[in-house]
Amino acid sequence: MAGKGESLSKRTTDGFLCHLNELATDGLPTLTYVQPQKLVNTEQYDVIIVGAGFSGLIAARELSLRQRKVLLIEAKDRIGGRTFTAEYDGGKFEIGGTWIHWSQPHVWTEITRYGLSIIESKGVAAEHMSVLLDNGTKLKQITLADNWVTLGKAMEKYSDVDNVQARTVMPLPHAPFTARENVEKYDRLSMQDRFDQVRNALNMTDEIQAMLLALLSMNMQGNIAEGGFVDHLRWWALGDYDMIRMFDKLGRYKIKEGTSTLAQAILNDCQNVKLLLSTSVASVDRTKQDSVIVRLQSGDLILGRTVLVTVPLNVLKNIEFLPALNIKKQDIAAKGQCQGGTKFWAKLDKPIGHWFAMAPYPNPITMAYTDDQDGSVVVGFGPEGLLDMKNIKTVEKELNKFLPTVKVQYVLGHDWRTDPNIMSTWSWYKPGQMSSNLQALQTCEPPVFFASGDIASGWRGFIDGALESGLKSAREIQQYLDKHFTST
Ligand SMILES: Cc1cc2nc3c(=O)[nH]c(=O)nc-3n(C[C@H](O)[C@H](O)[C@H](O)COP(=O)(O)OP(=O)(O)OC[C@H]3O[C@@H](n4cnc5c(N)ncnc54)[C@H](O)[C@@H]3O)c2cc1C
């Protein structure tokens, strides 16, 4: 099996590390499989999977365990896609997807299956928090617990479109079109539109308004005028229509052993899967009967009975499909979902204990908190590309708005927004995209199938959603192969 036994930390080309008085260096060490395999392109595969993030990996495992001949093709020099755990200075830094929760059914199953555990990001339970007001010029220190409750009430009003906390819009968040008419109605709104509707009724203090706007901008990682309001209602429903519960599910507990350990465990479970790294798919030709021709950027051609495309939505347009995909897929692929923002890790010169901070858009940092026990590691998020993460002095200056005396020793991160194989962080649709495009994106066009965290039904935009979508496609492919071919 490709990858078995490979568990040493190696350097991937993704990510950067920036030390004081030094230029940022590209590439971070991570525990992922990076040994390339040779392509033998005379073989025909039952399934060619494009992309080795969690959706591609879980589909490879499921199909290979059913004796299907699987080829997994990944453009990067590592598996894991939008997740990887960088190992540096004795610590584990999650550069992409990080936090999970026991109420995320697909990811929790894998945690149980591989005997992994979770660890809490400590700053989420801080006693005090720093809030920036007046366009980032005024710093206020407040207690977290009381204000979090008040913020929760403001969030309830913001979300409560029907006097039952949006339950008539998202009664079953894993079946998001249960109330299609209502979804369509609210999908016309941006998050800003909804804020403008309720701004006066919210009757908030400056702090609570700043926190609410910071949290909304943090969730979609940008200007809330561009984010679809229905995606907020989806998170709200997945968070049990409660802000504290929602935040616990989004940003509090991470895999202790690291997301790369989970990705590697799934790969290790695959049977006879061939994995090609640093290999990009250029086109998928399904004009022939009974086989699909996948052309690599190198020009090599590979034959498959089926193809599963798991690339991020914002790079789907880079693959040529013959014949062209369904028009609604083409439409959203051309326009793209929201691109997201920045996420960085900063090591401070001294511990500051448990700490949490928020500032509304367009502050370059909308949310930051300490992650470790003593509070010397901060994770921060910002909208769009407003923070030059690779410039340690800029990161320190922005953190000093909240913590005037701290010094930053080093910064780690990765610019997912401009990564040519990704072009986004987590999924957040623009107004109208969910009701117009999601179902089309999920629909297979046999022998070509689609899976991604960006097109999941439930936890879209999460590791859980990637697993859900990969599992669903693996089932569809298995049924298709059973119907059209016998096992090889
Ligand atoms: C900064 C950040 C923070 C996040 N935080 C969280 C979090 O806390 N919790 C959470 O659950 N989720 C989080 N997410 C989201 C989560 O990481 C993703 O939803 C999930 O990992 C997506 O998995 P995927 O398999 O669908 O796609 P990906 O992981 O993007 O995998 C797709 C793969 O396709 C490859 N590819 C692209 N084009 C080609 C091509 N032409 N040929 C071959 N390969 C190609 C890409 O290189 C990539 O590896 C975060 C994401 C980011 C970026």
Side-chain angles (χ1 to χ4, degrees), residues 12-15 32 48-60 71-84 93-101 104 106-108 121 218-219 221 238 249-255 259-260 262-263 266 275-284 294-298 307-320 337 339-345 379-382 389 413-417 419-428 450-456 458-470 473:
T12 169
T13 52
D14 278 347
T32 43
I48 298 172
I49 301 179
V50 188
F54 275 109
S55 50
L57 287 169
I58 203 83
L71 173 67
L72 187 53
I73 304 178
E74 168 54 53
K76 292 184 174 293
D77 59 3
R78 59 174 182 82
I79 60 164
R82 267 172 282 182
T83 62
F84 80 99
F93 298 89
E94 294 292 354
I95 303 299
T98 307
W99 292 278
I100 60 152
H101 195 266
Q104 296 174 337
H106 308 93
V107 75
W108 199 254
S121 289
M218 158 72 212
N219 289 352
Q221 284 220 292
L238 288 163
K249 294 174 194 221
L250 302 176
R252 188 161 185 163
Y253 304 99
K254 50 187 192 166
I255 302 173
T259 56
S260 291
L262 177 57
I266 297 173
L275 169 65
L276 293 179
L277 292 169
S278 306
T279 307
S280 278
V281 166
S283 71
V284 175
V294 167
R295 186 168 56 82
L296 304 180
Q297 250 164 24
S298 62
V307 172
L308 173 60
V309 179
T310 76
V311 304
L313 181 50
N314 281 7
V315 297
L316 183 61
K317 62 177 183 287
N318 298 346
I319 299 180
E320 184 188 9
Q337 60 181 342
Q339 216 175 333
T342 48
K343 173 187 178 187
F344 67 88
W345 294 92
V379 61
F381 301 87
M389 296 184 288
H414 180 63
D415 189 354
W416 300 98
R417 289 166 44 85
D419 180 326
N421 296 306
I422 307 286
M423 298 297 285
S424 60
T425 52
W426 55 84
S427 177
W428 197 284
F450 300 87
S452 168
D454 296 349
I455 66 170
W459 286 95
R460 169 159 57 78
F462 293 81
I463 296 166
D464 191 81
L467 295 170
E468 173 217 298
S469 185
S473 294

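Note that ligands are numbered from 1 as they come in the structure, with each ligand's atoms numbered from 1 the same way.
Using a 4.0 Å cutoff on heavy atoms, Thr310 counts as a contact of ligand 1. A heavy-atom separation below 4.0 Å is found between Thr279 and ligand 1. Ligand 1 lies nowhere less than 4.0 angstrom from a heavy atom belonging to Ile100. The shell of residues lying under 4.0 angstrom from ligand 1, judged by heavy atoms, excludes Ser427. The shell of residues lying under 4.0 angstrom from ligand 1, judged by heavy atoms, includes Gly96.
Side chain of Gln221 to main chain of Gly341: a donor-acceptor pair is present (N/O by atom type, distance under 3.5 Å, no hydrogens or angles). Judged by distance alone, with hydrogens and angles left aside, the side-chain atoms of Glu468 form a donor-acceptor pair with the main-chain N or O of Gly458 at under 3.5 Å. The closest donor-acceptor contact from the side chain of Gln104 to the backbone of Asp464 lies at 3.5 Å or more, if one exists at all. Checked by atom type and distance alone, the side chain of Gln297 never pairs as donor or acceptor with a backbone atom of Ser280 at under 3.5 Å. Between the side chain of Ser473 and the main chain of Phe450, a donor-acceptor pair closer than 3.5 Å is present. No side-chain donor-acceptor contact under 3.5 Å links Asn314 to the backbone of Ser424. Panel note: side chain Trp416, backbone Trp426; no donor-acceptor pair is recorded below 3.5 Å.
Looking at Ser55 next to ligand 1, an N or O pair under 3.5 Å apart turns up. Of the N or O atoms in Ala466, none lie within a sub-3.5 Å distance of an N or O in ligand 1. Of the polar atoms of Glu74, at least one N or O is found under 3.5 Å from an N or O of ligand 1, judged by distance alone. Considering backbone and side-chain N/O atoms, Arg82 comes within less than 3.5 Å of an N/O atom of ligand 1. Remark: ligand 1 and Val315 share no N or O pair separated by less than 3.5 Å (distance only, no angle test).
Residue-ligand proximity, Thr98 to ligand 1, at heavy-atom distances under 4.0 Å covers atoms 5 (N), 6 (C), 7 (C), 8 (O), 9 (N). Ligand 1 places these atoms under 4.0 Å from at least one heavy atom of Gly53: 25 (O), 29 (O), 31 (O). Every atom of ligand 1 is numbered from 1 in the order shown, and the set under 4.0 Å from a heavy atom of Phe54 is 25 (O). The atoms of ligand 1 that sit less than 4.0 Å from any heavy atom of Gly80 are 29 (O). Those atoms of ligand 1 with a heavy atom of Ile463 less than 4.0 angstrom away are 10 (C), 11 (O), 12 (N). Interface of Val50 with ligand 1, defined as ligand atoms under 4.0 Å from a residue heavy atom, comprises 42 (N), 43 (C). Residue Ser452 approaches ligand 1 through these ligand atoms, each under 4.0 Å from one of its heavy atoms: 26 (O). Listed by atom number, the atoms of ligand 1 under 4.0 Å from Ile73 heavy atoms are 43 (C), 44 (N).
Side-chain contact check for Asp14 versus Arg78: some heavy-atom pair is nearer than 4.5 Å.
Scanning the protein for heavy atoms near atom 21 (O) of ligand 1, the closest one is Thr83 CG2, 3.6 Å. Protein heavy atom closest to atom 26 (O) of ligand 1, with residue, atom name and distance, is Gly453 N, 2.6 Å. Shortest contact from atom 39 (C) of ligand 1 to any protein heavy atom: Val311 CG1, 3.5 Å. Of the protein's non-hydrogen atoms, Gly97 N, 3.7 Å is the one closest to atom 51 (C) of ligand 1. Protein heavy atom at the shortest distance from atom 42 (N) of ligand 1 is Val281 N, 3.0 Å. Protein heavy atom at the shortest distance from atom 44 (N) of ligand 1 is Ala75 N, 3.1 Å. Scanning all protein heavy atoms for the shortest distance to atom 53 (C) of ligand 1 gives Thr425 CA, 3.5 Å. The shortest contact between atom 15 (C) of ligand 1 and any protein heavy atom is with Gly461 O, 3.2 Å.
Both the backbone and the side chain of Trp99 come within 4.0 Å of ligand 1, judged by heavy-atom distances.
Contacts of Phe462 classified as ring-ring contact (aromatic ring centres under 6.0 Å, His included), with partners at least two apart in sequence or in another chain: Trp235, Trp459.
Listed here is the closest heavy atom pair of Val50 and Thr310: O-OG1, 2.7 Å. When all heavy atoms of Leu72 and Ala60 are compared, the pair lying nearest together is CD2-CB, 4.2 Å. In terms of heavy atoms, Asp419 sits closest to His414 at OD2-NE2, 2.8 Å. The two residues Arg82 and Ser452 come nearest to each other via the heavy atoms NH2-OG, 4.1 Å. Closest approach of Thr342 to Met389, counting heavy atoms only: CB-SD, 3.7 Å.
Below 30°, between 30° and 60°, or above 60°: for His101 and Tyr253 the angle between ring planes is between 30° and 60°, a tilted geometry.
Under the 3.5 Å distance criterion, with hydrogens and angles disregarded, no donor-acceptor pair is assigned to the side chains of Asp77 and Ser278.
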